[in-house]
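Hydrogens, waters and symmetry mates play no part in the numbers below; they use all other heavy atoms, side chains included.
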Amino acid sequence: MKLIKLAMIAMASLAAAGHYWQQARRLKIIRALPAQQARSYYESTRERGERMMAVVTALFTAGAIAALVYVFVLPALHRQ
(Lines give C-alpha, C1' and ligand atoms only; values in the text may rest on other atoms or scores of the structure.)
Protein backbone atom coordinates (compact mmCIF):
# COMPACT_ATOMS: atom_id res chain seq x y z
CA MET A 1 0.00 0.00 0.00
CA LYS A 2 2.91 2.35 0.70
CA LEU A 3 4.15 1.79 -2.83
CA ILE A 4 0.76 2.83 -4.24
CA LYS A 5 0.74 5.99 -2.12
CA LEU A 6 4.28 6.80 -3.24
CA ALA A 7 3.33 6.24 -6.89
CA MET A 8 0.31 8.52 -6.53
CA ILE A 9 2.42 11.28 -4.96
CA ALA A 10 5.02 10.92 -7.71
CA MET A 11 2.33 11.10 -10.41
CA ALA A 12 0.76 14.20 -8.85
CA SER A 13 4.17 15.86 -8.55
CA LEU A 14 5.03 15.09 -12.16
CA ALA A 15 1.65 16.39 -13.31
CA ALA A 16 2.14 19.65 -11.39
CA ALA A 17 5.64 20.12 -12.77
CA GLY A 18 4.47 19.32 -16.29
CA HIS A 19 1.63 21.82 -15.99
CA TYR A 20 4.06 24.52 -14.82
CA TRP A 21 6.45 23.91 -17.73
CA GLN A 22 3.57 23.80 -20.20
CA GLN A 23 2.22 27.13 -18.92
CA ALA A 24 5.68 28.72 -19.11
CA ARG A 25 6.08 27.54 -22.72
CA ARG A 26 2.58 28.73 -23.62
CA LEU A 27 3.17 32.19 -22.15
CA LYS A 28 6.47 32.47 -24.00
CA ILE A 29 4.67 31.75 -27.28
CA ILE A 30 1.84 34.17 -26.46
CA ARG A 31 4.27 37.00 -25.74
CA ALA A 32 5.86 36.54 -29.17
CA LEU A 33 2.56 36.71 -31.10
CA PRO A 34 0.54 39.75 -32.19
CA ALA A 35 -2.48 40.50 -29.98
CA GLN A 36 -5.21 38.82 -32.08
CA GLN A 37 -3.17 35.70 -32.75
CA ALA A 38 -2.15 35.56 -29.09
CA ARG A 39 -5.78 35.62 -27.99
CA SER A 40 -6.74 32.92 -30.48
CA TYR A 41 -3.81 30.76 -29.38
CA TYR A 42 -4.68 31.32 -25.71
CA GLU A 43 -8.30 30.31 -26.23
CA SER A 44 -7.43 27.17 -28.20
CA THR A 45 -4.84 26.00 -25.66
CA ARG A 46 -7.19 26.76 -22.76
CA GLU A 47 -9.95 24.68 -24.32
CA ARG A 48 -7.51 21.84 -24.98
CA GLY A 49 -6.29 22.04 -21.39
CA GLU A 50 -9.83 21.91 -20.05
CA ARG A 51 -10.56 18.81 -22.13
CA MET A 52 -7.39 17.15 -20.82
CA MET A 53 -8.32 17.96 -17.22
CA ALA A 54 -11.76 16.41 -17.79
CA VAL A 55 -10.08 13.22 -19.01
CA VAL A 56 -7.70 13.18 -16.04
CA THR A 57 -10.61 13.77 -13.65
CA ALA A 58 -12.54 10.89 -15.22
CA LEU A 59 -9.52 8.59 -14.87
CA PHE A 60 -9.02 9.50 -11.22
CA THR A 61 -12.73 9.03 -10.57
CA ALA A 62 -12.62 5.58 -12.15
CA GLY A 63 -9.57 4.75 -10.04
CA ALA A 64 -11.31 5.90 -6.89
CA ILE A 65 -14.38 3.81 -7.68
CA ALA A 66 -12.18 0.80 -8.38
CA ALA A 67 -10.40 1.33 -5.06
CA LEU A 68 -13.71 1.53 -3.20
CA VAL A 69 -14.91 -1.67 -4.83
CA TYR A 70 -11.60 -3.39 -4.03
CA VAL A 71 -11.57 -2.27 -0.40
CA PHE A 72 -15.25 -2.52 0.56
CA VAL A 73 -17.22 -4.66 -1.89
CA LEU A 74 -14.87 -7.54 -2.68
CA PRO A 75 -14.03 -8.35 0.97
CA ALA A 76 -17.75 -8.33 1.80
CA LEU A 77 -18.42 -10.81 -1.00
CA HIS A 78 -15.67 -13.15 0.22
CA ARG A 79 -17.06 -13.15 3.79
CA GLN A 80 -20.38 -14.61 2.68
Side-chain angles (χ1 to χ4, degrees):
M1 201 58 156
K2 288 184 181 183
L3 184 61
I4 292 173
K5 288 180 184 179
L6 183 62
M8 289 176 66
I9 290 171
M11 287 174 50
S13 298
L14 287 173
H19 182 70
Y20 172 79
W21 288 322
Q22 183 181 28
Q23 286 288 55
R25 178 182 169 272
R26 187 172 68 126
L27 289 175
K28 181 181 173 184
I29 292 170
I30 287 172
R31 285 187 189 119
L33 293 173
Q36 188 60 30
Q37 286 178 331
R39 182 176 178 84
S40 176
Y41 180 79
Y42 171 79
E43 290 295 326
S44 68
T45 56
R46 189 176 60 87
E47 289 173 7
R48 193 174 336 133
E50 288 175 359
R51 282 192 305 266
M52 180 58 80
M53 287 308 297
V55 169
V56 169
T57 301
L59 290 174
F60 277 128
T61 302
I65 291 170
L68 287 172
V69 168
Y70 180 77
V71 170
F72 294 111
V73 176
L74 292 179
L77 292 175
H78 289 295
R79 280 187 235 140
Q80 292 178 355

_same_hphob_cluster(Y70, I4) at 4.5 Å side-chain heavy-atom cutoff_ = no
*Nearest non-hydrogen partners of V69 and P75, listed with the distance*: O-CD, 4.4 Å
*asked:* To the nearest 0.5 Å, what is the distance between CD1 on I30 and CZ on R26?
replied: 5.0 Å
_R46, CZ: over 12 other non-hydrogen atoms inside 6.0 angstrom_ = yes
_Measuring from atom OG1 of T45 to atom CD1 of I29, what distance do you get when rounded to the nearest 0.5 angstrom?_
8.5 Å
*Is the count of non-hydrogen atoms from other residues, nucleotides or ligands lying under 6.0 Å from Q22 atom CD greater than 12?*
no
*Which distance, rounded to the nearest 0.5 Å, do you find between the NE2 of H19 and the CG of L14?*
14.5 Å
*asked:* Let me confirm one number: the CZ-CE distance from F60 to M11, rounded to the nearest 0.5 Å.
replied: 4.5 Å
*Please confirm whether the backbone N or O of Q36 pairs with a side-chain atom of S40, one donor and one acceptor, at under 3.5 Å?*
no
*Group every Ile, Leu, Val, Met, Phe, Trp and Tyr by side-chain heavy-atom contacts under 4.5 Å, then state whether L74 and L68 land in the same group.*
yes
*Any chance you could measure R25, atom CZ, to K28, atom NZ, to the nearest 0.5 Å?*
9.0 Å
*Does the side chain of R51 reach to within under 4.5 Å of the side chain of R48, using non-hydrogen atoms?*
yes
*ILVMFWY cluster, V55 and M53 together (side-chain gap under 4.5 Å)*: no
